[in-house]
Engineer: 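Right, I'll just put the structure down here and ask away after.
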Amino acid sequence: MAFWLVKSEPDAFGWDQQVANGTEPWTGVRNYMARNNLRAMRIGDRAFFYHSNIGREVVGVVEVVREAYPDPTASEGDWVCVDLRALAKLPRPVALTAMKADPALEGLALIRQSRLSVMPVSAGHWHHICALGGWGG
DNA sequence: GCCAACGTTGGC
DNA sequence: GCCAACGTTGGC
């Protein structure tokens, strides 16, 4: 199983909506590196749900339930989306500032490459952030 | 609201 | 194919 992190501005689409919808097509990615990451996702992979701009924290965990398929919101180009299902809310959201300050999370793509919207997370980093969030999952 | 980072576009 | 201009993202 691989681990990922996806970003969303809560203004546009937040964790509460993800939970309300259950399964949600993760559309609108228009960046090649992010697209490559979407394509590499496999059913059963897990991803952190991160609130950018407002909150700036990891708030929950989602699971990949459908692998990459053409993004219906793209009028041209070969962009893809995946379906993500809400799995768990973190008992304690993990703030960007906390992750930046944590030596165990050195090299985290979220910190290094702040503009990427879909990124891989190493197993080590994944488990560390889960622990910070109070989630045993 | 500002600005740095950085991906994309387009002129040459 | 280089590089300047531009647009967008996202932290502060």
Side-chain angles (χ1 to χ4, degrees):
Chain A
M1 190 201 320
F3 302 105
W4 310 91
L5 183 146
V6 296
K7 286 197 225 179
S8 187
E9 294 189 37
D11 266 1
F13 184 79
W15 174 252
D16 290 342
Q17 281 167 276
Q18 175 75 47
V19 170
N21 296 5
T23 296
E24 180 71 14
W26 203 260
T27 58
V29 170
R30 300 292 183 268
N31 169 284
Y32 290 107
M33 211 175 308
R35 184 192 68 182
N36 291 345
N37 289 332
L38 285 179
R39 282 192 172 145
M41 287 185 182
R42 294 296 168 254
I43 287 176
D45 282 0
R46 290 176 175 183
F48 287 129
F49 192 110
Y50 174 80
H51 278 169
S52 63
N53 280 311
I54 301 167
R56 278 169 242 139
E57 56 191 10
V58 174
V59 289
V61 177
V62 292
E63 180 183 22
V64 177
V65 293
R66 183 176 172 190
E67 294 177 9
Y69 60 98
D71 183 343
T73 70
S75 54
E76 58 176 23
D78 94 89
W79 301 109
V80 299
C81 60
V82 298
D83 287 357
L84 300 177
R85 186 172 62 85
L87 195 62
K89 179 180 184 171
L90 290 188
R92 294 188 302 273
V94 180
L96 177 65
T97 51
M99 292 187 278
K100 275 189 164 177
D102 194 332
L105 295 176
E106 203 181 338
L108 192 70
L110 182 66
I111 298 163
R112 224 184 36 223
Q113 233 184 321
S114 67
R115 288 184 53 197
L116 189 58
S117 62
V118 181
M119 65 191 78
V121 176
S122 73
H125 286 165
W126 176 271
H127 294 301
H128 189 79
I129 293 169
C130 285
L132 292 177
W135 188 61

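Residue numbers begin at 1 in each chain, while the letters A, B, ... track the order of the sequences.
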Engineer: Test the A:R66-A:Y69 pair against the cation-pi criterion, namely NZ or CZ under 6.0 angstrom from the six-membered ring centroid and within 45° of the ring axis.
Structural biologist: yes

Engineer: Between which nucleotides of DNA chain C, 5' to 3', does chain A make heavy-atom contacts below 4.0 Å?
Structural biologist: C:dG7 to C:dC12

Engineer: Check the orientation of A:W126 and A:F3. Use parallel for under 30°, tilted for 30 to 60°, and perpendicular for over 60°.
Structural biologist: parallel

Engineer: In residues 74-81 of chain A, what residues come within less than 4.0 Å of DNA chain B, judged by heavy atoms?
Structural biologist: none

Engineer: So if I apply the side chain to side chain contact (heavy atoms under 4.5 Å, CB included) rule between A:L5 and each of A:V121, A:L116, A:L108, which one comes out positive?
Structural biologist: A:V121

Engineer: Under the side-chain hydrogen bond (donor to acceptor under 3.5 Å, both in side chains) test, which residues partner A:W79, sequence neighbours left out?
Structural biologist: none

Engineer: Are the side chains of A:P70 and A:C81 in touch, meaning some heavy atoms are under 4.5 Å apart?
Structural biologist: no

Engineer: Exactly one of A:R35, A:R39, A:R30 should register a salt bridge (charged side-chain N to carboxylate O under 4.0 Å, His left out) with A:D71. Which one does?
Structural biologist: A:R30

Engineer: What about A:V118 and A:Y50, same hydrophobic cluster or not, with Ile/Leu/Val/Met/Phe/Trp/Tyr joined at side-chain heavy-atom distances under 4.5 Å?
Structural biologist: no

